[in-house]
Amino acid sequence: MLKTELKHLKPQVHTFKEEMILNMGPQHPSTHGVLNFLVVTDGEVIHQALPNVGYLHRGIEKLAEQTPYTTFIPFTDRIDYLAAMFANHVYVLAVENLADIEVPERAQFLRVIACELNRIASHLISTGALALDIGASTPFVHWIRERECINDIMESICGARLTYSYMRVGGVSQDINEQIADDIYKFLDHFEPIIDEYNRLISFNEIFIKRLANVAIISPVDAVNFGLVGPNLRGSGIEMDIRRTISYSVYDQFDFNIPIGKGFKGSLGDCYDRYFVRVLEMTESCSIIRQALSQIPKGDIKAKVKRKLKIKENECYTCVESARGEMGMYLLSDGSDRPYRLKIKTGSFTAMSIVEKVSQGLMVADLIALIGSLDVVAPEIDR
Amino acid sequence: MSFRIYNILADRFGKDTLLYFDDTLNPYIQVAPELIQTLCIFMRYNPALKFSFLFSLCGVDYPEKNQITMVYHLFSMKQKMLWVLKTSVRREHPELESIESVWKTAGWFEREIYDLLGVKFTNHSNMKRLLLPDGWVGHPLRKDYEEPLFYHDMETSRHRVS
């Protein structure tokens with residue numbers, strides 16, 4: 001990559017006297033997956049950081065064109081391994097939209113519960129790993145311990161700890177019983193006070209704040225222009241949440257807040273805002289799970305769907321609010337039993353494209369904070 | 001709702017240039033490739049429309065029609081609605097105006113399309129492959145793509161162990 005990229009860099013490079021070109025990754029511990037940055041530095045100051053993605057490209061979109069509708073669900077787990085439930089969800093929603101399938105209400109509640117649990121698990125990794133990247137290793141271990149509880153719950157719900165394949169076209173694969181509902185309540189009772197403890201441990205820690213506040217500020221204009229979504233966009237102060245803006249599933253029945261960045265410890269849209277929005281979101285997710293568990297109706301968990309699903313010519317764009325923001329699928333059917341085209345739009349993809357602009361003028365150590373606060377997951381970028 | 005927006009667009013660009021289709025779940029507008037940049041600018045900045053988000057941009061290959069269709073998904077916070085634009089280019093030497101100047105995020109989407117479908121975008125700041133290595137031959141999302149058996153003398157097929 002080096003030589004070809006240099007040509008692209010040229011116009012700005014020559015103004016610096018002692019520029020040095022470094023490769024960060026593909027096996028760098030803070031890149032969370034296989035991801036390479038070409039960093040042009042002048043001393044400690046980054047002049048330009050060019051992301052080089054594609055190491056994990058598996059051609060999932062091409063595979064979708066060769067796989068029948070109902071058997072594609074396990075592939076969607078692999079799009080984002082930290083939040084597999086959302087990819088499951090958006091895919092089955094897309095197919096249900098096209099095939100005009102009515103989903104039983106109980107199944108929709110179960111989906112919401114599973115998704116929100118997964119959101120907490122994903123945010124735990126994201127915030128913990130951010131702390132780990134900038135040098136605080138204790139919080140990560142604490143968060144992994146909490147995440148284990150969610151993984152156990154997930155295992156009892158659907159049999160898998162990470163790659164769930166829990167959703168089916170027309171419903172979900174398993175129901176939850178009293179025991180599992182109790183376990184979830186127990187987890188929430190245990191977890192909600194832990195967030196405060198964690199805040200005392202790390203969020204309001206002086207050194208932690210100094211590392212993140214006023215670092216890598218993304219203005220609201222840039223955030224919209226570069227198509228940031230989810231916590232990254234809300235960190236810049238724009239109140240946009242697909243759960244509220246385009247209400248899907250049964251989210252309109254719950255009462256929850258949408259935390260946005262306010263410049264909590266520095267300026268609006270800095271790394272700390274993006275980090276703290278995620279922490280606040282975990283509390284909201286807990287509240288949604290409680291509401292869903294208390295309101296869940298009795299009934300079927302899966303609609304009757306033909307084993308060999310054929311969908312006549314149509315198309316739709318469906319999106320959900322994943323842990324990394326808006327995740328969308330554009331599904332085009334042509335009357336056969338498999339999609340004609342499936343485009344997967346993910347939050348990490350657009351978040352990655354802003355790194356080149358924001359990284360200019362940062363210190364090398366702050367680039368790590370920026371990538372950590374954007375919460376990119378490499379397989380989601382490359383698909 | 002969507003008809004109202006179509007009327008605003010038709011007033012500006014004329015009914016003949018915009019073909020409106022509403023037989024799909026998301027209604028869409030098909031325009032000529034030369035018009036796409038102007039239309040995007042209009043949709044983003046017109047105060048009555050304000051489609052400030054580009055949710056997704058992708059290409060679809062239609063070998064039997066000999067064209068590649070680009071699909072733009074725009075979203076407006078103000079109207080809380082999704083809008084779909086389509087434009088088609090021919091499969092041989094496909095070229096299209098880039099909309100990177102309208103939405104920065106289009107830059108990477110367009111690089112991905114160039115990588116996987118082979119559509120060249122003019123006036124793009126860095127028109128290179130994004131996901132596949134620079135030396136890759138062919139564009140995998142085309143329907144007639146055949147995977148090469150070798151890449152840099154490495155076999156790409158998997159042998160069955162028996």
Side-chain angles (χ1 to χ4, degrees), chain A residues 1 4-5 8 50-59 61-62 65 94 97-98 100 221-222 224-229 233 238-240 242 244-247 313-319 326 328-333 340-346 349-354 356-357 381-383, chain B residues 21 23-28 44 50 52-62 69 71-77 79-84 86 100-109 111-113 115-117 125-136 139-143 145 147:
Chain A
M1 175 195 175
T4 47
E5 284 297 337
H8 172 59
L50 292 176
N52 179 18
V53 301
Y55 288 90
L56 289 165
H57 181 58
R58 292 144 295 168
E61 288 172 13
K62 185 79 177 174
E65 292 171 10
N97 268 350
L98 281 190
D100 201 13
V221 177
D222 272 352
V224 173
N225 204 6
F226 277 89
L228 288 194
V229 286
L233 181 67
I238 293 171
E239 195 177 328
M240 156 117 159
I242 305 294
R244 186 67 56 77
T245 328
I246 314 174
S247 190
E313 218 171 299
N314 208 335
E315 62 173 74
C316 78
Y317 183 83
T318 316
C319 51
E326 183 244 345
M329 282 196 190
Y330 172 60
L331 190 62
L332 236 157
S333 59
Y340 185 77
R341 172 87 165 92
L342 176 72
K343 157 79 187 171
I344 305 159
K345 186 257 163 148
T346 59
F349 184 83
T350 49
M352 208 62 219
S353 63
I354 204 173
E356 186 179 340
K357 177 168 194 291
I381 305 168
D382 302 341
R383 285 152 291 134
Chain B
F21 296 86
D23 50 345
T24 53
L25 280 172
N26 301 125
Y28 63 90
R44 176 160 185 192
K50 285 268 176 207
S52 45
F53 288 89
L54 177 70
F55 265 10
S56 143
L57 166 52
C58 71
V60 188
D61 186 23
Y62 293 101
T69 303
V71 189
Y72 300 74
H73 290 102
L74 319 182
F75 184 75
S76 164
M77 274 281 273
Q79 338 235 14
K80 298 204 173 177
M81 83 174 294
L82 188 80
W83 193 258
V84 189
K86 284 191 180 186
E100 200 189 9
S101 54
V102 192
W103 286 282
K104 277 282 182 192
T105 179
W108 270 39
F109 282 126
R111 278 180 73 184
E112 192 192 350
I113 293 173
D115 195 354
L116 303 178
L117 280 156
S125 62
N126 187 18
M127 194 76 263
K128 283 196 314 190
R129 282 184 185 271
L130 180 70
L131 299 172
L132 299 176
D134 284 346
W136 196 265
H139 303 286
L141 275 185
R142 290 206 176 191
K143 294 285 176 188
Y145 175 76
E147 199 185 339

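Here is how names work: the chains are called A, B, and so on, in the same order as the sequence lines, proteins then strands, and each is numbered from 1.
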Is there side-chain contact between [X] and [Y], with heavy atoms separated by less than 4.5 Å?
{"X": "B/Cys58", "Y": "A/Arg341", "value": "yes"}
{"X": "B/Val60", "Y": "A/Leu332", "value": "yes"}
{"X": "A/Asn225", "Y": "B/Arg44", "value": "yes"}
{"X": "A/Ile242", "Y": "B/Phe75", "value": "no"}

At a 4.5 Å cut-off on heavy atoms, which part of [X] comes close to chain A: side chain, backbone, both, or neither?
{"X": "B/Asp115", "answer": "neither"}
{"X": "B/Leu116", "answer": "side chain"}
{"X": "B/Tyr62", "answer": "both"}
{"X": "B/Leu82", "answer": "side chain"}

[X] side, atom [atom1]; [Y] side, atom [atom2] - distance, nearest 0.5 Å:
{"X": "B/Trp108", "Y": "A/Ile381", "atom1": "CH2", "atom2": "CD1", "value": "6.5 Å"}
{"X": "B/Phe109", "Y": "A/Lys343", "atom1": "CZ", "atom2": "NZ", "value": "5.5 Å"}
{"X": "B/Arg111", "Y": "A/Ser353", "atom1": "CZ", "atom2": "OG", "value": "10.0 Å"}
{"X": "A/Glu313", "Y": "B/Asp23", "atom1": "CD", "atom2": "CG", "value": "8.5 Å"}

Given the options [options], which has more heavy-atom pairs under 4.5 Å with chain B than any of the others?
{"options": "A/Gly59, A/Gly328, A/Cys316", "result": "A/Cys316"}
{"options": "A/Phe226, A/Tyr55, A/Tyr340", "result": "A/Tyr340"}
{"options": "A/Asn97, A/Val224, A/Asp222", "result": "A/Val224"}
{"options": "A/Met352, A/Glu315, A/Glu61, A/Lys345", "result": "A/Glu315"}

Original post:
Below 6.0 angstrom between ring centroids: does that apply to B/Phe55 and A/Tyr330?
Top reply: no
Subject >> Atom NZ of A/Lys357: over 12 foreign heavy atoms under 6.0 Å >> reply: no
Original post:
With chain A, which of B/Val102, B/Leu54, B/Val71, B/Leu132 has the greatest number of heavy-atom pairs at distances under 4.5 Å?
Top reply: B/Val71
Subject >> Shortest non-hydrogen contact from A/Asn314 toward B/Thr24 >> reply: OD1-CA, 3.4 Å
Please state whether the side chain, the backbone, both or neither of [X] comes within less than 4.5 Å of a heavy atom of chain B.
{"X": "A/Ile344", "value": "neither"}
{"X": "A/Glu65", "value": "side chain"}
{"X": "A/Leu342", "value": "neither"}

Subject >> Step-by-step salt bridge (charged side-chain N to carboxylate O under 4.0 Å, His left out) determination, B/Glu147 to A/Lys62 >> reply: CA-CA 12 Å; B/Glu147 199 185 339; A/Lys62 185 79 177 174; over 6 Å; no
